[in-house]
Amino acid sequence: MSTCAACNQSIDSGAASIADKKYHQDCLKCVTCSKNFLRDGIGSPFPRPDGTFECGSCRHGQCGKCGNIITSAVMTYEGVSYHKECYDEVRANDKCLVCGENITGYTITFEGQVYHKECYENAAPDCAICKQKIVGTRTILEGNNYHPECYEKK
């Protein structure tokens, strides 16, 4: 006889198995919305570090463009979550400040300007002290760029 990983009670019949653990069918619920994965048809459970599970809707939310639950990579723009394909459509008219191409994939918005992640990292200035790229906050003094922590040690 096995024991339910959620409630620690014995399982007589009808066990569900996930990641080598057994659960009563009624115990296999989303920890956030309490919907049952088997009975309510809410898709696959996403494991959390504490051993509980969340459904795709609670974990990722709904796509801001198509309204469907996001169960894969989440792209976020101005606080709204999207499927990658929907995100690319929403950002279709945005252009990267460095290369001028349409924005697709992972981006960085810095000081109100949008960049492809790779373009931003390649175009980022070098620190005048450590010579490494400065991605994010920087200190500028007399035309030189510094990481804030490098400038403080100067």
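Just so you know, these numbers come straight off a predicted model, no measurement behind them.
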Same cluster (ILVMFWY, side-chain, under 4.5 Å), Val114 and Val90: yes
Can you measure from SG (Cys66) to CD (Glu89) and round to the nearest 0.5 angstrom? 9.0 Å
What closest approach, in Å, do Ala124 and Ile134 show between heavy atoms, and which atom pair accounts for it? CB-O, 3.2 Å
As a quick check of understanding, evaluate side chain to side chain contact (heavy atoms under 4.5 Å, CB included) for Phe53 and Phe37, giving each step before the final call. CA-CA 9 Å; Phe53 298 95; Phe37 286 100; 3.8 Å; yes
Rounded to the nearest 0.5 Å, what separates atom CG in Leu97 from atom CD1 in Ile108? 12.5 Å
Separation between SG of Cys99 and OH of Tyr115, rounded to the nearest 0.5 Å: 11.5 Å
Carefully, step by step, assess His83 and Asn68 under the rule side chain to side chain contact (heavy atoms under 4.5 Å, CB included). CA-CA 9 Å; His83 295 103; Asn68 292 325; 3.9 Å; yes
Please list, chain by chain and in numerical order, all residues satisfying ring pair (Phe, Tyr, Trp, His ring centres under 6.0 Å) with Tyr87, sequence neighbours excluded. none
Can you confirm whether Tyr151 is buried at OH, in the sense that more than 12 heavy atoms of other residues, nucleotides or ligands lie under 6.0 Å from that atom? no
Does Ile18 reach the side chain of Pro45, with side-chain heavy atoms less than 4.5 Å apart? yes
First locate atom OG1 of Thr139, then atom CG of Asn144, and finally report the distance between them rounded to the nearest 0.5 Å. 11.5 Å
With Asp94, which residues qualify under salt bridge (Lys or Arg N to Asp or Glu O under 4.0 Å), at least two apart? Arg91
For residues 119-129, the side chain to side chain donor-acceptor pair (under 3.5 Å) pairs (sequence neighbours left out) are Lys117-Glu121
Heavy-atom closest pair (Cys27 atom, Ala6 atom, distance to 0.1 Å) is CB-CB, 3.8 Å
Looking at Ala16 and Leu38, what are the two nearest heavy atoms and their distance? CB-CD1, 3.9 Å
If you take all heavy atoms of Asn145 and Pro125, which pair is closest and at what distance? ND2-CB, 3.5 Å
Hydrophobic clustering (ILVMFWY, side-chain heavy atoms < 4.5 Å, transitive) - are Ile103 and Val80 grouped together? yes
Going through the checks in order, is the side chain to side chain contact (heavy atoms under 4.5 Å, CB included) test met by Tyr82 and Thr76? CA-CA 6 Å; Tyr82 300 94; Thr76 304; over 6 Å; no
For Lys84, is the NZ atom crowded, meaning more than 12 foreign heavy atoms sit under 6.0 Å from it? yes
Is Lys133 atom NZ crowded by more than 12 heavy atoms from other residues, nucleotides or ligands, each under 6.0 Å away? yes
So does Ala128 get a backbone contact from the side chain of His147, meaning a donor-acceptor N/O pair under 3.5 Å? no
How long is the straight-line distance from SG of Cys4 back to CD of Gln9, given to the nearest 0.5 Å? 8.5 Å
Euclidean distance, Ile129 CD1 relative to Glu149 CD, rounded to 0.5 Å: 10.0 Å
Full working for side chain to side chain contact (heavy atoms under 4.5 Å, CB included) between Asp12 and Ser10: CA-CA 6 Å; Asp12 297 326; Ser10 63; 4.1 Å; yes
Do Val98 and Val135 belong together in a cluster built from hydrophobic side chains that touch within less than 4.5 Å? yes
Sequence-distant partners of Lys95, salt bridge (Lys or Arg N to Asp or Glu O under 4.0 Å), two or more places apart: none
Which pairs, with at least one residue in residues 25-35 and sequence neighbours excluded, count as a side chain to side chain donor-acceptor pair (under 3.5 Å)? Asp26-Arg39, Thr32-Glu54
Please list, chain by chain and in numerical order, all residues satisfying salt bridge (Lys or Arg N to Asp or Glu O under 4.0 Å) with Glu85, sequence neighbours excluded. none
